[in-house]
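For reference, the structure discussed in these notes is given below.
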Amino acid sequence: MTHGLIEELASGARRPLARLLTRIENGDPSIRPILPELFASGHGAHVVGITGPPGSGKSTLVNALIGEWRRRGKRVGILAVDPSSPYTRGAILGDRIRMMEHAADRDVFMRSMAARGELGGLAATTWIGAAALDAAGYDPILIETVGAGQSEVEIARLAETTVVVEAPEMGDEVQAIKAGLLEVADIVAVNKGDRPGADRAARQLRAMMSTAGGRVERSPPKIMVTTATSGEGVTDLADAIEAHRAAAREPLAARDRAASQVRRALADLAGGRAVANPAWDETIQRVAERQLDPLTAAERLLDGVG
Ligand SMILES: Nc1nc2c(ncn2[C@@H]2O[C@H](COP(=O)(O)OP(=O)(O)O)[C@@H](O)[C@H]2O)c(=O)[nH]1
Ligand SMILES: [Mg+2]
């Protein structure tokens, strides 16, 4: 049965892929046994994260990038990931509308996902979803996520190339942008280039990045100006994303990404196991009453001891 599914995906049929993504999103435990084969049947698609604050133009930019990659003959997969489901429902709906232009294109597959499952939260839902799109032959795979702190960083760690989309209106926001950027961005798209201040913000960011100092191990992000609504700068952005693919696949970078993914999976697994421990309630109560310290409690729960 597993075999059948992988072949169906590889054939490019949309319905089996849509059904599989629903199972992944629901955290259906029947996904678990097919994971090794699903992962192994991937074609090695370029996984590109698109993140940044709400309203900066991520979805509009994704729509423009889809157009650019379709002109280059690529089949594009998009996951719009929703880190805080009830709250961002409207945003996801807006995303769909902004990408409607490509809705009828058989070589574009767009799906929004929330994490509801038990397989390990949003990070797992996302990488398994990306693996499914990869097995179905989409390349690149774009993962749009709303910048919401921790989840933003996690999705960025999953992606090989991370584009942070910002739309600064004023120069004094630049300092705030910088902190988050250094951690996750490979490329910064200063979007809404048609508005005053975008070029100036980009210049300031470039200047800051170049003086960021030796504390930062990763190379500074490339700062670009885009206007998602007109498509200006989008060809350059697509070029920069493609150019980054090779850097992302250098052994050290690949190892870093693998390590943080496995660490995340470990934390999810260990957490799940501890919560399933029948002694959970009692142990938590003892910590609440200060009879047990949190670290010892965690150790005992993991070891299966109450
Ligand atoms: N002026 C201008 N507006 C833009 C640009 N890109 C996006 N927008 C608008 O900004 C709003 C938010 O865009 P959206 O793509 O939904 O942002 P997201 O929340 O980051 O996905 C929409 O009204 C877009 O039309 C741009 O380059 N210039
Ligand atoms: Mg959006």
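These numbers were taken from a predicted model, which means no experiment stands behind them.
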Original post:
For R263, does the CZ atom sit with more than 12 other heavy atoms under 6.0 Å from it, leaving out its own atoms?
Top reply: no
Subject >> Pair listing, ring pair (Phe, Tyr, Trp, His ring centres under 6.0 Å) test, anchored in residues 5-36, at least two apart >> reply: none
**OP:** Can you sort out the partners of S41 under side-chain hydrogen bond (donor to acceptor under 3.5 Å, both in side chains), two or more places apart, ordered by chain and number?
**Re:** none
Subject >> Side-chain cluster (under 4.5 Å, hydrophobic types only) that V287 belongs to, other residues >> reply: L292
Original post:
Residues in side-chain contact (heavy atoms from CB on, under 4.5 Å) with A159, at least two apart?
Top reply: V47, T162
**OP:** Would you please name every residue forming a side-chain contact (heavy atoms from CB on, under 4.5 Å) with E250, sequence neighbours left out?
**Re:** none
**OP:** Have a look at T161 and tell me which of H46, R245, E242 forms a side chain to side chain donor-acceptor pair (under 3.5 Å) with it.
**Re:** H46
Subject >> Set of side-chain hydrogen bond (donor to acceptor under 3.5 Å, both in side chains) partners for S30, sequence neighbours left out >> reply: R23, D28
Original post:
Side chain of H43, backbone of D134: donor and acceptor closer than 3.5 Å?
Top reply: yes
Subject >> Residue pairs fulfilling side chain to side chain donor-acceptor pair (under 3.5 Å) with at least one residue in residues 225-235, sequence neighbours excluded >> reply: E68-T235, N191-T226
Original post:
For R255 and S260, does a side-chain donor sit closer than 3.5 Å to a side-chain acceptor?
Top reply: no
Subject >> Within residues 13-40 or reaching into it, pairs that qualify as ring pair (Phe, Tyr, Trp, His ring centres under 6.0 Å) - sequence neighbours excluded >> reply: F39-W127
Original post:
Under 3.5 Å, is there a donor-acceptor pair between the W280 and Q285 side chains?
Top reply: no
**OP:** For D105, check salt bridge (Lys or Arg N to Asp or Glu O under 4.0 Å) against everything at least two apart and list the hits.
**Re:** R70
Original post:
Can you check whether P53's main-chain N or O pairs, donor with acceptor, with K58's side chain at less than 3.5 Å?
Top reply: yes
Subject >> Partners meeting side-chain hydrogen bond (donor to acceptor under 3.5 Å, both in side chains) with D199 (sequence neighbours left out) >> reply: none
Original post:
T283 side chain to A279 main-chain N or O, any donor-acceptor pair under 3.5 Å?
Top reply: yes
Original post:
With sequence neighbours left out, what residues match A265 under side-chain contact (heavy atoms from CB on, under 4.5 Å)?
Top reply: none
Original post:
Excluding sequence neighbours, so at least two apart, what forms side-chain hydrogen bond (donor to acceptor under 3.5 Å, both in side chains) with D293?
Top reply: T296
